[in-house]
Amino acid sequence: MAAIRRFIILAAQVLALPFILLCVFTGGLLGQRFAPAIISAETGVLGSATPNLPPYLGALGGLLTSLLGVAMLYVLVEIARNTKNPFE
């Protein structure tokens, strides 16, 4: 049972980096697609003055979102490592 638990924890840790990269890439695409329309509707200036800003804002949002998710994963991993199994 302990080997299965260690394998699941290791697999989750290995998949954390692709998850972060996927969220950053997706956030950049969503920022490129939706942020100019939102910014232009509110101010009318920022979307046309800085065309590279919305993808960067989206990528930053994706990075922060993924880092929060991965941080929760690592907290649970540390709890699992530090918890004694009463059945062993």
Just how far is it from atom [atom1] of [X] to atom [atom2] of [Y], taken to the nearest 0.5 Å?
X: I20; Y: L64; atom1: CD1; atom2: CG; result: 11.0 Å
X: Q32; Y: L57; atom1: CD; atom2: CG; result: 12.5 Å
X: L68; Y: L73; atom1: CG; atom2: CG; result: 12.5 Å
X: L10; Y: L15; atom1: CG; atom2: CG; result: 9.5 Å
X: L63; Y: Y56; atom1: CG; atom2: OH; result: 14.5 Å
X: L67; Y: M72; atom1: CG; atom2: CE; result: 11.0 Å

### Query
Partners of F25 by side-chain contact (heavy atoms from CB on, under 4.5 Å), sequence neighbours excluded?
L29
### Summary
Tightest non-hydrogen contact, residues A16 and Y74, listed as CB-OH, 4.0 Å
### Task
Kindly give the heavy-atom pair with the smallest separation between I9 and A80, and that separation in Å.
CD1-CB, 4.1 Å
